[in-house]
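To start, the structure itself, in structure tokens.
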Number of protein chains: 2
Amino acid sequence: MNYQKIPDETIKRMPMYLRAFSMLKTENRDSISSSQLAERLGMSPPQIRKDLSYFGAFGTRGVGYPVASTADQIRGILKLDVTQKAVLVGAGRLGAAIAEYPGFASFGFDIAAIFDNDPSKIGTKIGKNVVEDIAKIDTIKSRDIHLAILAIPADAAQPVVDGLADCCIKGILNLSACHLAVPKSIKVVTIDLAMELGTLPYYM
Amino acid sequence: MNYQKIPDETIKRMPMYLRAFSMLKTENRDSISSSQLAERLGMSPPQIRKDLSYFGAFGTRGVGYPVASTADQIRGILKLDVTQKAVLVGAGRLGAAIAEYPGFASFGFDIAAIFDNDPSKIGTKIGKNVVEDIAKIDTIKSRDIHLAILAIPADAAQPVVDGLADCCIKGILNLSACHLAVPKSIKVVTIDLAMELGTLPYYM
DNA sequence: CCTTGCTTGTGAATGTGAACGCAAGCACGA
DNA sequence: TCGTGCTTGCGTTCACATTCACAAGCAAGG
């Protein structure tokens, strides 16, 4: 990896490339050109080449990108070559759906703990995890967990985030419909499905 | 609304503004300045002013933006001033969570139909809707539905989308982990939670 | 060993969005 | 009625991202 500035937009696209190369591997393809890949992903060939070239020269001129080794390279860049543990906060319907979503495992993520504040949920089992009491969130400090997924109501989110900030959490995937205030050392990605849907009628 | 080009990024942010102004209304605020709003949303004041000014002069100099009327304006711009019906395809865990997510209603969305291909799910009730057979998807043509939410496995998505394209669907919120090929008249927003989480370890 | 065809990698140019700074102008008080 | 303070609206500037176009270079075949 060289030391020039890599665009944020490029980083956002890297998981998409990783997913594509992983799929190509299961199809037993051993190489793919930028134009073929671009068609699959609905984007332009030069953009793919530029994105990948920020991290080095992965491809072979005249041939394309070797599927297996490029997948490994991207995994390394995104630090997904080791299992990343994540804590899920919120064991409602959405939380339960997330806990059992196989897509996380395919990126090497491991939902290693689930917390909730509802006594009727604490102690129940979701997937392989037993739901724990949110009051004991600080037990994650000693469990090598640095990612959190928030699937709780917006008005409950900020206090939970303040707690997570004291627990070595470095990244948060926030599914609550609100902005979170966090120290700069924590990276937050917020997704509200209703908001995403909210843009569509404008284009109709 | 004037006829100059409005940035896509601005459109993406409009639902966020709408949500903020709606919340301010429930707090009985009658106006807010761009700097106060910026702090709440974690963004810069000039950006808010620029975004809103694309659609006209909503604010009052020296005072700020009137909460109630600005909310109405944005609702009109996004065409959320009328109830927008949406069809949900996929009645699995994620689909069920979406069907009962109250956030959609707060933007004026109405999940008006649910489809699935699993015979054990067809006929069961989720929220107010009875799950229908995906084979009968074309019945939505006569039901004034122009939005679709896809919560199905990636390998099943493309055929469903082809079917939706023949049913007057104009916008799709795709929660499947794949790129969808659609005619240009259809706007697609794809969200894969695993992919979003996939960027976070890079920044740790 | 050389030639041909194809695809990558990359600087330069173009396009797009964000930030800045200030003039315009409303509200309020004297 | 006029002056003051505050905040919007917007032209300009700047930064970032995408696209373009072409040289570099590998592979395969004669």
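In what follows, chains are A, B, ... by sequence order, proteins preceding strands, each numbered from 1.
Ionic pairing of B:Asp51 and B:Arg13 is present here: one or more N-O contacts between side-chain nitrogen and carboxylate oxygen are shorter than 4.0 angstrom. Comment: B:Arg143 engages B:Glu132 in a salt bridge, judged by a side-chain N to carboxylate O separation of less than 4.0 angstrom. In this structure, B:Asp192 pairs ionically with A:Arg19, as a charged nitrogen and a carboxylate oxygen lie closer than 4.0 Å.
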Treat primed atoms plus P, OP1 and OP2 as sugar-phosphate and everything else as base, then score nucleotides 17-23 of chain C 5' to 3': B for base contact with protein heavy atoms under 4.0 Å, S for sugar-phosphate contact only, - for none. SSBBB--
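Side-chain contact check for B:Ile114 versus B:Val87: every heavy-atom pair is 4.5 Å or farther apart. Between A:Leu173 and A:Ile191, some side-chain heavy-atom pair lies under the 4.5 Å cut-off. Two residues are said to be in side-chain contact when any heavy atoms from C-beta on lie closer than 4.5 Å; A:Phe107 and B:Met195 meet this criterion.
Considering B:Thr139, B:Leu164, B:Asp133 in turn, B:Thr139 is the only one that fulfils the side chain to side chain contact (heavy atoms under 4.5 Å, CB included) rule with B:Phe115.
Chain A approaches DNA chain D within less than 4.0 angstrom (heavy atoms of the protein), and the contacting nucleotides run 5' to 3' from D:dA17 to D:dA27.
When the side-chain nitrogen and oxygen atoms of B:Thr60 are compared with OP1 and OP2 of C:dC26, none of them lie within a distance under 4.0 Å.
Rounded to a whole Å, the CZ atom of A:Phe58 is 9 Å from the P atom of C:dG9.
Within a 6.0 Å radius of NZ in B:Lys79, more than 12 heavy atoms belonging to other residues, nucleotides or ligands are found.
Using a 4.0 Å heavy-atom criterion, one finds that B:Ser34 contacts the sugar-phosphate atoms exclusively.
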